[in-house]
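Scroll down for the structure; my scribbles are underneath it.
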Amino acid sequence: ELNSLSLEQFLAPGTIPANFFQHMQRLFLDGCEEPIYSLPVAFAQIAAACPSLRMLILVESHSVSVEDPESWEQPEHYAVFAHVPRTLKALVLAMDCIRASPPDTASSFAALVKTYLPADM
């Protein structure tokens, strides 16, 4: 298990070598102010660095992205979750101060994300 890494460290290819965390099964990442459309790159890097990963906890804690203030508010942007590492059995998203796309309920948000997740997750 590894806590307190930033998602930003997984956004540049090659920053963390493939299989660097070969046996890690749980990873906690702080997403800070990353726009939602940056996640496919991060998911690919996480999958390469952590080939045994079973649980990914991602914390997003900002009201708007500096680069794209509406990136988390657009339902079509949630297709990025189709790119989660295939080894995952659980994805935990902690959203603090993020305006989700309407309707703004926890169950509708979970349903929106689940729409794009692999079927076996």
Side-chain angles (χ1 to χ4, degrees):
E1 176 178 335
L2 189 58
N3 288 323
S4 301
L5 275 182
S6 170
L7 180 68
E8 188 175 86
Q9 295 164 322
F10 288 94
L11 291 176
T15 303
I16 299 177
N19 296 313
F20 191 74
F21 301 114
Q22 187 172 7
H23 301 291
M24 183 178 305
Q25 294 192 6
R26 183 172 176 237
L27 179 61
F28 181 100
L29 295 175
D30 186 354
C32 294
E33 297 192 14
E34 300 304 328
I36 192 170
Y37 52 77
S38 68
L39 291 179
V41 171
F43 289 150
Q45 296 302 310
I46 291 166
C50 310
S52 301
L53 194 64
R54 297 289 180 257
M55 176 185 281
L56 176 61
I57 302 165
L58 178 61
V59 176
E60 284 292 336
S61 55
H62 56 86
S63 56
V64 293
S65 166
V66 173
E67 295 176 22
D68 185 356
E70 296 182 2
S71 74
W72 286 92
E73 295 177 24
Q74 304 301 317
E76 62 273 13
H77 291 177
Y78 286 80
V80 300
F81 290 103
H83 301 280
V84 298
R86 296 294 185 223
T87 58
L88 287 186
K89 297 299 177 195
L91 174 65
V92 178
L93 297 173
M95 311 305 246
D96 183 20
C97 299
I98 289 193
R99 288 182 48 189
S101 61
D104 291 351
T105 64
S107 60
S108 65
F109 177 77
L112 176 62
V113 173
K114 189 174 181 179
T115 300
Y116 298 104
L117 292 175
D120 60 343
M121 188 175 169

(request) Mind checking the CG-OG spacing from L11 to S6? Nearest 0.5 Å is all I need. (result) 7.5 Å

(request) Nearest 0.5 Å please: distance from the CG atom of L93 over to the CG atom of L56. (result) 8.0 Å

(message) To the nearest 0.5 Å, what is the distance between CZ on F21 and CG on L27?
(response) 7.5 Å

(request) Supply the atom-to-atom distance L88 CG to L117 CG, rounded to the nearest 0.5 angstrom. (result) 9.0 Å

(request) Using modelled atom types only, decide if a donor and an acceptor are shared between the side chain of S52 and the backbone of Q22 within a distance under 3.5 Å. (result) yes

(message) Applying side chain to side chain contact (heavy atoms under 4.5 Å, CB included), can you list everything that pairs with P40, at least two apart in sequence or on another chain?
(response) V80, H83

(request) Describe, in one word, how the ring planes of H77 and Y37 are oriented to each other, choosing from parallel (under 30°), tilted (30 to 60°) and perpendicular (over 60°). (result) perpendicular

(request) For I57, enumerate each residue passing the side chain to side chain contact (heavy atoms under 4.5 Å, CB included) test, keeping only those at least two apart in sequence or located in another chain. (result) R26, F28, M55, V92

(request) Can you measure from CD (E8) to CG (L29) and round to the nearest 0.5 angstrom? (result) 12.0 Å

(message) Tell me every residue that passes side chain to side chain contact (heavy atoms under 4.5 Å, CB included) with R54, counting only those two or more places apart in sequence or in another chain.
(response) Q25, T87, K89

(message) Quick check on F20: does its CZ atom have over 12 non-hydrogen neighbours (other residues, nucleotides or ligands) under 6.0 Å away?
(response) no

(request) Rounded to the nearest 0.5 Å, what's the gap from CG on L39 to CG on L7? Could you check? (result) 6.0 Å

(request) State yes or no: do Y116 and V41 share one hydrophobic cluster built from I, L, V, M, F, W and Y residues joined by side-chain heavy-atom distances below 4.5 Å, directly or via other members? (result) no

